[in-house]
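Comments concern the structure below.
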Amino acid sequence: MTLRIATWNINSLRLRLPRLADLIAALAPDVICLQETKVPDDLFPAAEIAALGFPHIAHRGMKGYNGVAILARRPIAALAGFPDWCGKGDCRHLAVRLEAAGGPLDLHNFYVPAGGDIPDRDANPKFAHKLDFIAEARDFFARVPARRRTVLVGDLNIAPLENDVWSHRQLLGVVSHTPPETAGLNAWAATGFIDAVRHFVPAEEKHFTWWSYRNRDWRASDRGRRLDHIWVTPDLVPALQAETTLKDARDWPLASDHVPVAVTLDL
DNA sequence: ATGGTGGATGTTCCA
């Protein structure tokens with residue numbers, strides 16, 4: 001069986017519900033992980049999403065900011081027992097178990113703090129929060145030494161490789177590509193994950209998933225970053241079939257500043 | 001060095 005998992009920072013689920021239908025039409029995913037839903041749980045548009053073919057939903061939202069959701073065509077079971085990351089009560093993580101050929105598969109959906117503008121943990125509490133968050137995530141995942149059948153996706157808000165940003169040299173001091181962030185993200189991944197997108201796209205190629213709203217012509221200037229990621233445990237690498245980064249979504253009407261990313265697993 | 005845009009909110013915060 002094939003399982004296609006998509007991740008997208010939708011930047012307001014209620015505003016961009018029509019774009020969710022576009023994503024489904026374009027990628028035909030089995031599971032969709034969303035970040036920045038910006039919708040409290042009691043206002044979650046579950047019926048509308050069920051009507052799009054995704055009746056199985058896990059969501060965790062709050063008013064105005066953050067918020068994550070996992071939408072599935074087939075049943076999912078929410079997983080519990082995770083930290084309240086950094087003790088903030090934020091809605092930045094959800095995990096579910098999917099039934100799949102060969103046994104269940106765990107799926108984590110993360111929205112890592114953006115980290116503010118100043119890349120200094122003493123001057124900027126948001127940057128400290130970001131570094132602490134990824135360190136706590138690293139420590140949590142390190143507790144299981146040989147994790148299996150696990151997929152981790154999300155807006156991780158860090159572009160770890162030189163070609164994950166439009167200019168490595170110019171972004172070394174910009175939050176999302178600074179050495180403490182990329183080292184922190186690499187340490188998290190090193191607890192037992194493979195970068196599934198770079199499995200398909202050579203590290204020598206520039207590859208982005210986000211382009212700022214503040215560029216007049218995002219495609220021409222192409223000052224992008226790869227902030228959205230899909231990781232899999234090594235036992236799933238032989239199942240990796242394909243990767244799609246839906247760059248055209250950046251030109252959709254009322255676009256998000258992030259585009260959807262998907263991988264297909266043949267399980 | 002600066003400011004540029006967008007979403008949710010409410011007279012500003014977050015990205």
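Letters A, B, ... mirror the listed sequences (proteins, then strands); counts begin at 1.
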Exercise for review: For B:dA1 versus B:dC13, give the span between their C1' atoms, rounded off to a whole number of Å.
Suggested key: 24 Å

Point to revise | Whole-angstrom distance between B:dG10 and B:dC14, as gauged at atom P | key: 13 Å

Check your understanding: Is A:L156 isolated, or which residues cluster with it under the ILVMFWY side-chain rule of less than 4.5 Å, directly or via members?
Key -> A:L79, A:F82, A:W85, A:F110, A:V112, A:F127, A:L131, A:F133, A:I134, A:F140, A:F141, A:L152, A:I158, A:V175, A:L185, A:W188, A:F193, A:W231

Exercise for review: Give one of base, sugar-phosphate or nothing for A:L227, where a contact means two heavy atoms less than 4.0 Å apart.
Suggested key: nothing

**Study point:** A:D139 and A:T191, any side-chain heavy atoms less than 4.5 Å apart
**Key:** no

Point to revise | Residues in side-chain hydrogen bond (donor to acceptor under 3.5 Å, both in side chains) contact with A:R121, at least two apart in sequence or another chain | key: A:D132

Exercise for review: Select base, sugar-phosphate, or nothing to describe what A:R92 touches, counting heavy atoms under 4.0 Å on all strands.
Suggested key: sugar-phosphate

Practice item. Using chain A heavy atoms and a threshold of under 4.0 Å, write down where along DNA chain B the contacts begin and end, 5' to 3'. Key: B:dG4 to B:dA15

**Study point:** A:K38 and A:N11, any side-chain heavy atoms less than 4.5 Å apart
**Key:** yes

**Study point:** Whole-Å C1' distance, B:dA15 and B:dT9
**Key:** 14 Å

Check your understanding: Mapping A:N9 and A:G64 to their closest nucleotides on DNA chain B, which lands nearer the 5' end?
Key -> A:G64

Revision key, fill the gap. Contacts of A:G116 and A:S212 projected onto DNA chain B by closest heavy atom; the upstream (5') one is A:S212

Check your understanding: Looking across every strand, which nucleic acid part, if any, lies under 4.0 Å from A:R223 by heavy atom: base, sugar-phosphate, or nothing?
Key -> nothing

Review point. Just checking, any donor-acceptor pair under 3.5 angstrom between side chains of A:T150 and A:H108?
Key: no

**Study point:** Side chain to side chain, A:P29 and A:F54, heavy atoms closer than 4.5 Å
**Key:** yes

